[in-house]
There are 2 protein chains.
Amino acid sequence: MKTQRVPEATINRLSVYSRFLERLDEKGIITVSSNEIAEGVGVSPPQVRKDLAYFGEFGTRGVGYNVQDLMRYTLKILGLNVPWPLLLVGAGNLGYALSTYRGFNSRGFSVVGVFDNDLNKIGRKVGDLDVYPPEKMPDIINKHKVRIGIIAVPPKSAQDVADLMVKNRLHAILNFAPVSLNVPEHIVYRNVDLSVNLEILTFNLGIRDS
Amino acid sequence: MKTQRVPEATINRLSVYSRFLERLDEKGIITVSSNEIAEGVGVSPPQVRKDLAYFGEFGTRGVGYNVQDLMRYTLKILGLNVPWPLLLVGAGNLGYALSTYRGFNSRGFSVVGVFDNDLNKIGRKVGDLDVYPPEKMPDIINKHKVRIGIIAVPPKSAQDVADLMVKNRLHAILNFAPVSLNVPEHIVYRNVDLSVNLEILTFNLGIRDS
DNA sequence: TAGATTGTTAATCGATTAACAATC
DNA sequence: TAGATTGTTAATCGATTAACAATC
């Protein structure tokens with residue numbers, strides 16, 4: 001693997017490629033060209049080759065790419081060659097939905113601990129997981145070697161949860177609360193604002209209308 | 001409003017600016033400079049000015065921007081000066097979470113109809129909404145003038161749901177199923193793959209580790 | 001007027017794509 | 001070898017930023 005600044009869009013597309021390759025593999029297809037991948041996922045063929053070239057030479061000139069091999073390479077690049085235990089804070093509706101989300105499980109992610117500070121929720125079940133109080137966090141993190149925490153609490157408590165995750169030495173945080181948080185430089189952080197996605201739609205509808 | 005190709009990143013940032021301005025307004029702050037906005041949301045000051053310049057001249061040289069005015073302008077640009085009724089298909093966990101998601105309601109979005117073809121779910125309640133069978137879609141769409149549909153069903157049924165939404169003349173679709181869908185050119189379409197967000201984290205953790 | 005901050009142009013930076021040599 | 005397709009370089013395109021004239 002070369003070390004060169006990889007555009008985030010490339011990572012995004014690698015994720016899409018890997019899913020497409022999984023589908024091809026299920027269909028028993030052995031070889032695929034950059035043209036076919038490009039066609040299948042809606043990008044240009046040089047884009048596909050360039051994206052892969054950041055990480056190595058995976059194809060055979062004149063032939064194409066071996067589907068299974070390339071699938072494994074792309075998953076490896078994304079870090080998906082190993083399982084990822086997740087810690088989830090917030091046992092509300094969103095937390096419940098995320099803990100059972102198919103798109104996570106099919107990629108090797110699994111929620112191993114659900115936390116909430118609401119006494120009414122602690123001790124209850126979310127799927128087949130118990131809801132724990134925040135004090136239990138170190139135990140679960142150690143037991144499952146958790147590195148990633150997901151925040152699915154209301155906006156006001158989100159910063160506190162992030163602080164707690166940092167204190168408990170998690171390495172990465174995915175925040176679903178519609179608020180931006182302050183985390184130290186060394187934490188890999190990402191905010192998923194579901195509403196922004198809708199707002200991009202309403203903006204585009206506005207453009208179409210005028 | 002000028003017509004010029006606006007980068008999607010700009011729309012994204014406008015959404016962030018508008019939230020920041022709401023916070024300033026709540027605090028009773030009257031005037032704000034591009035420097036303060038930039039500082040507050042983590043972008044460069046010329047970026048803020050450039051983003052706004054796509055849509056008009058909203059500030060006063062030597063002074064800055066009026067917080068309330070700019071807040072209203074940005075919301076208007078995003079199409080958020082009017083309420084947006086939403087139609088949601090999929091009465092599972094994710095559907096339930098989305099129908100009560102705070103981040104939606106605070107921006108003028110409200111789910112007005114929940115649909116599912118699972119006979120066990122039809123007739124039940126999701127929050128204070130009834131779950132309807134797909135046949136009821138035209139009624140709800142007409143009654144509430146719905147333009148946007150949200151897909152929160154498992155991957156296999158997602159394409160069918162999209163087709164049904166297109167047939168029922170919705171204008172925009174937000175897809176939460178982890179699968180890419182085919183929709184006609186005239187539909188404003190967007191896929192939210194929650195898993196990709198986690199994969200960008202795992203990629204970055206991999207980079208840090210090496 | 002002096003100081004401040006916008007709006008905009010020009011320069012820079014980075015990502016995508018076209019083109020083609022390498023090579024199976 | 002002829003045909004095909006990769007990997008990579010150079011050209012293009014687009015977005016961000018630096019700089020500054022306009023102007024409150």
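Proteins get letters first, then strands, A, B, ... in listed order; numbering begins at 1 in each. The structure presented is a predicted model; accordingly, all values stated were derived computationally and were not measured.
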Participant: Check step by step if side-chain contact (heavy atoms from CB on, under 4.5 Å) holds for R13(B) and K50(B).
Facilitator: CA-CA 11 Å; R13(B) 286 189 298 262; K50(B) 181 77 185 181; over 6 Å; no

Participant: For N12(B) and dA15(D), what is the distance between atoms CG and P respectively, to the nearest whole Å?
Facilitator: 14 Å

Participant: Starting at atom CG of N35(A), determine the distance to atom P of dT6(D), rounded to an integer number of angstrom.
Facilitator: 7 Å

Participant: Would you mind reporting whether N204(A) and I11(B) have side-chain heavy atoms less than 4.5 Å apart?
Facilitator: no

Participant: Please determine whether a side-chain nitrogen of the Lys or Arg among D209(A) and R147(B) lies less than 4.0 Å from a carboxylate oxygen of the Asp or Glu.
Facilitator: yes

Participant: Classify the angle between the aromatic ring planes of F104(A) and F109(A) as parallel (below 30°), tilted (30 to 60°) or perpendicular (above 60°).
Facilitator: perpendicular

Participant: Specify the separation, in whole Å, of atom CD1 of I30(B) and atom P of dT5(C).
Facilitator: 17 Å

Participant: Describe, in one word, how the ring planes of F115(B) and Y132(B) are oriented to each other, choosing from parallel (under 30°), tilted (30 to 60°) and perpendicular (over 60°).
Facilitator: tilted

Participant: Which nucleotide wins on minimum distance to the side chain of S34(A), given the candidates dT6(D), dG7(D), dT8(C)?
Facilitator: dT6(D)

Participant: How would you summarise protein contacts on nucleotides 17-24 of chain D per nucleotide, using B for base, S for sugar-phosphate only and - for none, with heavy-atom distances below 4.0 Å?
Facilitator: BBB--BBB

Participant: Does the side chain of Y65(A) get closer than 4.0 angstrom to OP1 or OP2 of dG7(D) through an N or O atom?
Facilitator: yes

Participant: Which angle, to the nearest 10 degrees, lies between the helix axes at the two ends of the helix from dG3(C)-dC24(D) to dC24(C)-dG3(D), each defined by five pairs?
Facilitator: 0°

Participant: Please report the distance, rounded to the nearest Å, between CG in D51(A) and P in dG14(C).
Facilitator: 18 Å

Participant: Does a donor on one side chain and an acceptor on the other come within less than 3.5 Å for N12(B) and E8(B)?
Facilitator: no

Participant: Tell me the interatomic distance from Y73(B), atom OH, to dT6(C), atom C1', rounded to whole angstroms.
Facilitator: 15 Å

Participant: By nearest atom, which of the nucleotides dT16(D), dT16(C), dT8(C) is closest to the P7(A) side chain?
Facilitator: dT16(C)

Participant: Over how many whole Å does the gap from Y17(B) atom OH to dT6(C) atom C1' extend?
Facilitator: 15 Å

Participant: Compute whether any side-chain donor of one residue and acceptor of the other, for D163(A) and Q159(A), lie under 3.5 angstrom apart.
Facilitator: yes

Participant: What is the distance, to the nearest angstrom, from the CZ atom on F55(B) to the C1' atom on dT8(C)?
Facilitator: 16 Å

Participant: Considering only heavy atoms from C-beta outward, does the side chain of L86(A) approach that of L198(B) to under 4.5 Å?
Facilitator: yes

Participant: Start at the 5' end of DNA chain C and walk down; is the nucleotide closest to V32(B) or to A9(A) reached first?
Facilitator: V32(B)

Participant: Quick check on side-chain contact (heavy atoms from CB on, under 4.5 Å): which of I141(A), I150(A), I151(A), V114(A) does L87(A) satisfy it with?
Facilitator: I141(A)

Participant: Atom CD of E36(B) to atom P of dA4(C): distance rounded to whole Å?
Facilitator: 13 Å

Participant: Please check the phosphate of dC13(C) (OP1 and OP2 only) for any side-chain N or O of R5(A) closer than 4.0 Å.
Facilitator: no

